[in-house]
Amino acid sequence: MLDIKYLRQNLEAVRRKMNERGQNIEFDRFIGLDAKRRDILQAVETLRNERNSVSRQVGELKKKKEDASALIAKMGDVSAKIKEYDETLRVTEEELNAFVMIVPNVQHESVPQGGSSEDNAVVRTWGEKPSFCFAPKQHFELGESLNILDFGRGAKITGARFTLYRGAGAQLERAITNFMLDLHTANHGYTEVFTPFMVNAESMTGTGQLPKFKEDLFKIEGMDYYLIPTAEVPVTNIYRDEILEEDKLPVYLVAYSACFRAEAGSYGKDTRGLIRQHQFNKVEMVKFSKPEASYDELEKLTANAEEVLKRLGIPFRTVCLCTADLGFSSAKTYDVEAWMPGQDTYREISSCSNFEDFQARRAAIRFRRKDSGKVEFVHTLNGSGLAVGRTVVAVLENYQQADGSVIIPEALRPYMRGLERITP
RNA sequence: GGAGAGAUGGCUGAGUGGCCGAAAGCGAUCGCCUGCUAAGCGAUUGUACGCCCUUUAAAGGUGUACCGCGGGUUCAAAUCCCGCUCUCUCCGCCA
């Protein structure tokens, strides 16, 4: 959510930024609502002031046992008027709020302009793509022939986009999760947290999933609870409605969670395999930072995600998302894309974003400056570190052998009870 | 699921209709005092949204709202009434 005052005072600049993002926002409606709100607010506050002072007089008169009925009669009208204004104010604020809640964040000046993901800027590439003396297979072929991924039974148990892991496959998923959590906690300074996988509507609104992206979420029937699409939601909301002390910042948190996404509108995309599931596992890094440090923190966060792939020996490239590809809440995002030989392409495996104060304002996450005592919004950041299922895909495809077996990267072997190779 | 108790500022905790944005204590900040430490003395110490002033900043002035959340009664609600949420205790059930 953008600051209403900022929006009012920088309307033309924001309008330009939104045009760059391909967003057509009715700012004229905003101006009208904002002006209306302030008019009503002033009127109703004047009336309240009157009521407060007259009520005080009534109290004094009654204490002196004098007659106050004239004043009381007069205030009946005033109270009725206040009630009327209050209702108009409520409706106006609701509309205004609904408006600002669906305006995306303003992108950072370093974000490239573009019309599609084609215009994302590659900022670096790492690693050497493996060469094969045979045609490399896709992960779902490998997974099925190794009997470690069972898509048919996943579909039977639940439906499309759900997968059953088995044996070394299940173990690999767990190994990757633990490897990543250990790396971020032991070497990158994060504190591990474990959160609920269901959250309420306030939490979803705080991080920006609601109200605009309701159709992407699974909702629990008969309750105001939603399945989390990412641990970003519960972890960022840890400090919702709180004021942190400056010397606590930055806060680094990392969490494993299952993630649930309805994937509405992605019919026909990545229908085979683990790439796009309704349920998947992810290790998520979340940071709460002072505003002046947040872009340095974004670089470090992205490097933390890349480090996972370096240790696994999986080639990747990092791209800076262009205006067309940038998410609703983000001011700047780097995607880390792992090389997938079976698909002969790079696929997103981590997305690292700086939300600046966009989420913090929605969720009221603030901190107090030590020297001035002033309260400010923190900047929030998060990044996958990494998507576990897609890391399984990357391991299977990059480490596949001519005989159909898959070598386990050395970094994972301690987590696989020493297993060096998955064979049929 | 049943019965009961509770929710007040950074924390503890008082407050059953007007003098309450809220006592007292703790904590914190600033100042004074003390040879140092400790103690002592004094002052300050919530958030949000308007308006005025000002360079659309800061500071200042002023108003309004907020005592779990949402309604209601009343000239007036932290206080009375209704609904909800959460916490605690006991019983039942349960991994």
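In what follows, chains carry the letters A, B, and so on, assigned in the order in which the sequence lines appear, proteins first and then strands, with residues in each chain numbered from 1.
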Cationic N near anionic O, under 4.0 Å, [X] to [Y]:
X	Y	value
A:Arg16	A:Glu20	no
A:Arg37	A:Glu95	no
A:Lys83	A:Glu87	no

Is the distance between the ring centroids of A:Phe288 and A:His379 less than 6.0 Å?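 No, the ring of A:Phe288 stays outside the 6.0 Å limit from the ring of A:His379, centre to centre.
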Do A:Phe358 and A:Phe328 have their ring centres less than 6.0 Å from each other?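 Aromatic pair counts; centres sit under 6.0 Å.
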Figure out the [atom1]/[atom2] separation between [X] and [N], and round it to whole Å.
X	N	atom1	atom2	result
A:Arg51	B:rA77	CZ	P	6 Å
A:Arg90	B:rG71	CZ	P	8 Å
A:Arg240	B:rC69	CZ	C1'	13 Å
A:Glu202	B:rC69	CD	P	13 Å
A:Glu246	B:rA28	CD	C1'	15 Å
A:Leu47	B:rA65	CG	P	12 Å
A:Asp224	B:rC86	CG	C1'	14 Å
A:Asp241	B:rC69	CG	C1'	12 Å

Look at the rings of A:His278 and A:Phe218 and say which category their plane angle falls in: under 30° parallel, 30 to 60° tilted, over 60° perpendicular.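 The arrangement is perpendicular - the two ring planes meet at more than 60°.
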Anything under 30° is parallel, anything over 60° is perpendicular, the rest tilted; go ahead and classify A:Tyr252 against A:Tyr190.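 Aromatic pair A:Tyr252/A:Tyr190 classed tilted.
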Roughly how many Å apart are [M] and [N], using the [atom1] atom of each and rounding to a whole number?
N	M	atom1	result
B:rC19	B:rU79	C1'	15 Å
B:rA77	B:rC33	P	49 Å
B:rA78	B:rC66	C1'	11 Å
B:rA38	B:rC20	C1'	37 Å
B:rC84	B:rG1	P	13 Å
B:rG6	B:rG10	P	24 Å
B:rA57	B:rG50	P	13 Å
B:rA24	B:rU45	C1'	16 Å

Polar pairs (N or O, both sides) under 3.5 Å between protein and nucleotides 47-52 of chain B?
residue: B:rU47; atom: OP1; partner: A:Arg368; partner atom: NH1; Å: 3.0
residue: B:rU47; atom: O3'; partner: A:Arg366; partner atom: NH1; Å: 3.2
residue: B:rC49; atom: O3'; partner: A:Arg37; partner atom: NH2; Å: 3.2
residue: B:rC49; atom: O2'; partner: A:Arg37; partner atom: NH2; Å: 2.5
residue: B:rG50; atom: OP1; partner: A:Arg8; partner atom: NH2; Å: 3.1
residue: B:rG50; atom: OP1; partner: A:Arg37; partner atom: NH1; Å: 3.3
residue: B:rC51; atom: OP1; partner: A:Arg38; partner atom: NH1; Å: 3.1

Might you work through the side chain to side chain contact (heavy atoms under 4.5 Å, CB included) test for A:Cys352 and A:Leu298, ending with a clear yes or no? CA-CA 7 Å; A:Cys352 302; A:Leu298 177 62; 4.2 Å; yes
With the criterion being N/O to N/O and under 3.5 Å, what pairs connect the protein with nucleotides 18-21 of chain B, and how long is each?
residue: B:rG18; atom: N2; partner: A:Ser55; partner atom: O; Å: 2.7

[X] side chain N/O closer than 4.0 Å to the phosphate oxygens (OP1, OP2) of [N]?
X	N	answer
A:Asn49	B:rU62	no
A:Ser79	B:rA76	yes
A:Asn52	B:rU64	yes

Give a yes or no answer on whether the side chain of A:Arg240 reaches the backbone of A:Ala363 with a donor-acceptor pair at less than 3.5 Å.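 Not confirmed, A:Arg240 side chain does not pair with A:Ala363 backbone.
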If we ignore hydrogens and angles and just use 3.5 Å, is the side chain of A:Glu246 paired with the main-chain N or O of A:Lys370 as donor and acceptor?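 Present.
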Could you tell me which non-hydrogen atom of A:Tyr267 sits nearest to which non-hydrogen atom of A:Arg161, and how far apart they are?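 Minimum heavy-atom separation between A:Tyr267 and A:Arg161: CA-NH2, 4.3 Å.
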Using every non-hydrogen atom in the two residues, find where A:Val58 and A:Ala68 come nearest and quote the distance to one decimal.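 Result for this residue pair: CG1-CB, 4.1 Å.
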What contact category does A:Lys370 fall into here, base, sugar-phosphate, or nothing, at under 4.0 angstrom with non-hydrogen atoms?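 Touches nothing.
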Using heavy atoms to find the nearest nucleotide of RNA chain B for A:Lys83 and A:Val44 separately, return the residue whose nucleotide is more 5′.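 On the 5' side of the pair lies A:Val44.
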Strand RNA chain B in bracket notation, Watson-Crick/G-U under 3.5 Å with | for pairs to another chain: ((((((((.[[[..)..(.....]]]((((((.......))))))(((((((.......))))))).[[[[[..)....]]]]])))))))....
Member of A:Arg362, A:Arg361, A:Glu232, A:Lys332 meeting the side-chain contact (heavy atoms from CB on, under 4.5 Å) criterion with A:Phe355: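 Only one of A:Arg362, A:Arg361, A:Glu232, A:Lys332 forms a side-chain contact (heavy atoms from CB on, under 4.5 Å) with A:Phe355, namely A:Glu232.
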